[in-house]
Number of protein chains: 2
Amino acid sequence: MTGDTHRPHTGRRRNEAARQAILDVAVELLGSAGDGPVTIDTIAAAAGVGKQTIYRWWPSKGAVLLEALAGRAGADIPVPDTGSLRADLEAFLRATFRAAGNPHTASALRHTMAEAQRDPHAREPMRDFLASRRRVLRGLLERARDRGEIASGADLDLIVDQAYGVLWIRILNGHARLGEAEATALAGSLAGQARG
Amino acid sequence: MTGDTHRPHTGRRRNEAARQAILDVAVELLGSAGDGPVTIDTIAAAAGVGKQTIYRWWPSKGAVLLEALAGRAGADIPVPDTGSLRADLEAFLRATFRAAGNPHTASALRHTMAEAQRDPHAREPMRDFLASRRRVLRGLLERARDRGEIASGADLDLIVDQAYGVLWIRILNGHARLGEAEATALAGSLAGQARG
DNA sequence: AGTTGTCGAGACTTTCTGTCTCGTCAATAC
DNA sequence: GTATTGACGAGACAGAAAGTCTCGACAACT
């Protein structure tokens, strides 16, 4: 990720402060844009930046939004390793659901997922982002499997998708709450399912 | 649903053939629009209809797409009632995953879900559509609970969301297959979870 | 001092949504 | 049987937003 150009690179250097300001503003707008859409002009204006500066470094709006999201979401989610599947699952899902239940975060997730459906440049970053989140949960399950708490033939990816599936469908459709109580119930279900 | 106006209603009547043509074309375009977006002009042109005819009967593009989707999806999904939770779940999820795994249907579902995130007029129809699908699965679970196959205190809505959550996150993110094998595995997991 | 490439700013093009207008046509009222 | 009413197809129009292009200014390297 750290830029090491092989050529000496003449000319003015990229303004990292502007780059960070763009991402900061994108996260901010994504979180507080329940009503209107997040536009490039709004981002540029709020970041004190020209539009071309954005398009010089990202191929599309969706790419900016995805990088902004990936830089934040998941930052505050611990990776528990207590030695108990049930306890690990509960801690992880409670933290995850609490974060995703926050209206700002939920708004950001909704907007970015919608953007990823229409912007090809956002599809792969979104896949990468979700893959990184899934990987953490899968690692937790693998440790439980190594301890013998999960049958060795169990489909861990299916368990992972059940957990994040509940999260995403509730964020996108908003038909049910997404809080710690739901996380605890889900942890119990999944742990029981894995055991059987 | 059948229109019974109280006033005699003078003037030319609504063209039901045009209405149906619009919905047919919308479904068709939703399924085959992997690349570009589905636009109002395209729908109007393909249906041989003026744009205003669309906006006279639907408040927005999203409303058209949602009504088109709701009219088709779920039409071919049986509601099994074999007396066995495991068998019912497997039959239902296999049919559901097979339908959703079809590229045309998957494309339609992705587009509509994205549209529902940005178009307020599409949010409620989408909620209604998903609620109707969830209701079928929940009914299946309730029958199993009445038979004693599921603990009476179990959170049926959570089980429902685990099933549809897997479906939606895989449709939207495309990181894993969505076929009958996956449906069978999921049915086994959920049935085992409910039993415990 | 000259070259190169970024900077903020903003005009511009393109695409799409949703509105408005027009002349036409069908169903009811008189 | 003619007038009224309102939907019809067609398409011009306005507004929003993405993404491109150009400008003069500025910073880093030769």
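Atoms considered below: every heavy atom in the structure, side chains included; atoms not considered: hydrogens, waters and symmetry mates. Labels below follow one simple rule: chain letters A, B, ... track the order of the sequence lines, proteins then strands, and each chain is numbered from 1.
Side-chain polar atoms of A/His175 and B/Asp161 form a donor-acceptor pair below 3.5 angstrom.
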Going through the checks in order, is the side chain to side chain donor-acceptor pair (under 3.5 Å) test met by B/Gln117 and A/Gln117? CA-CA 11 Å; B/Gln117 301 307 313; A/Gln117 301 307 313; over 6 Å; no
Go through it in stages, so that I can follow the logic: the residues are B/Leu172 and B/Leu109, the test is side chain to side chain contact (heavy atoms under 4.5 Å, CB included), and I'd like the CA-CA distance, side-chain angles, deciding distance and then a yes or no. CA-CA 8 Å; B/Leu172 294 174; B/Leu109 291 172; over 6 Å; no
Verify salt bridge (Lys or Arg N to Asp or Glu O under 4.0 Å) between A/Glu124 and A/Arg127, making sure each step is shown before the conclusion. CA-CA 5 Å; A/Glu124 198 163 308; A/Arg127 261 197 272 259; over 6 Å; no
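The nearest whole Å value for the distance from the NE2 atom in B/His121 to the P atom in C/dT17 is 15 Å. The CD1-C1' distance, from B/Ile40 to C/dT19, rounds to 13 Å in whole Å. Put simply, CG on A/Leu65 is 14 Å from P on D/dA17, counting in whole angstrom units. As a whole-Å value, the separation of A/Arg56 CZ from D/dC26 P is 16 Å. The CG atom of B/Asp41 sits 13 Å away from the C1' atom of D/dG9 (whole-angstrom rounding). Rounding to whole angstrom units, CG of residue B/Asn15 and C1' of C/dA27 are separated by 13 Å. Put simply, CD1 on A/Ile54 is 17 Å from P on D/dC21, counting in whole angstrom units. The distance from atom CD1 of B/Ile43 to atom C1' of D/dA10 is 17 Å, rounded to the nearest whole Å.
Candidate nucleotides C/dT24, D/dA25, D/dA18 were compared by shortest atom distance to the side chain of A/Arg12, and D/dA25 ranks first. Among the nucleotides C/dG8, D/dG19, C/dG18, the one closest to any side-chain atom of A/Lys61 is D/dG19. Taking every side-chain heavy atom of B/Tyr55 into account, C/dT17 is the closest of D/dT20, C/dC7, C/dT17.
In terms of phosphate contacts, A/Thr39 brings no side-chain nitrogen or oxygen within less than 4.0 Å of OP1 or OP2 of D/dA17. OP1 or OP2 of C/dG5 has not a single side-chain nitrogen or oxygen of A/Arg14 nearer than 4.0 Å.
Residue contacts shown for B/Trp57 are limited to sugar-phosphate atoms, with no base heavy atom under 4.0 Å away. Here B/Val38 lies in heavy-atom contact (under 4.0 Å) with sugar-phosphate atoms only.
The structure places CG of B/Asn173 at 10.5 Å from CZ of B/Arg110, a figure rounded to the nearest 0.5 Å.
The base of C/dC7 lies outside donor-acceptor range of the side chain of A/Gln52, with no N or O pair under 3.5 Å. Not a single donor-acceptor contact under 3.5 angstrom links the side-chain atoms of A/Lys51 to the base of C/dG8.
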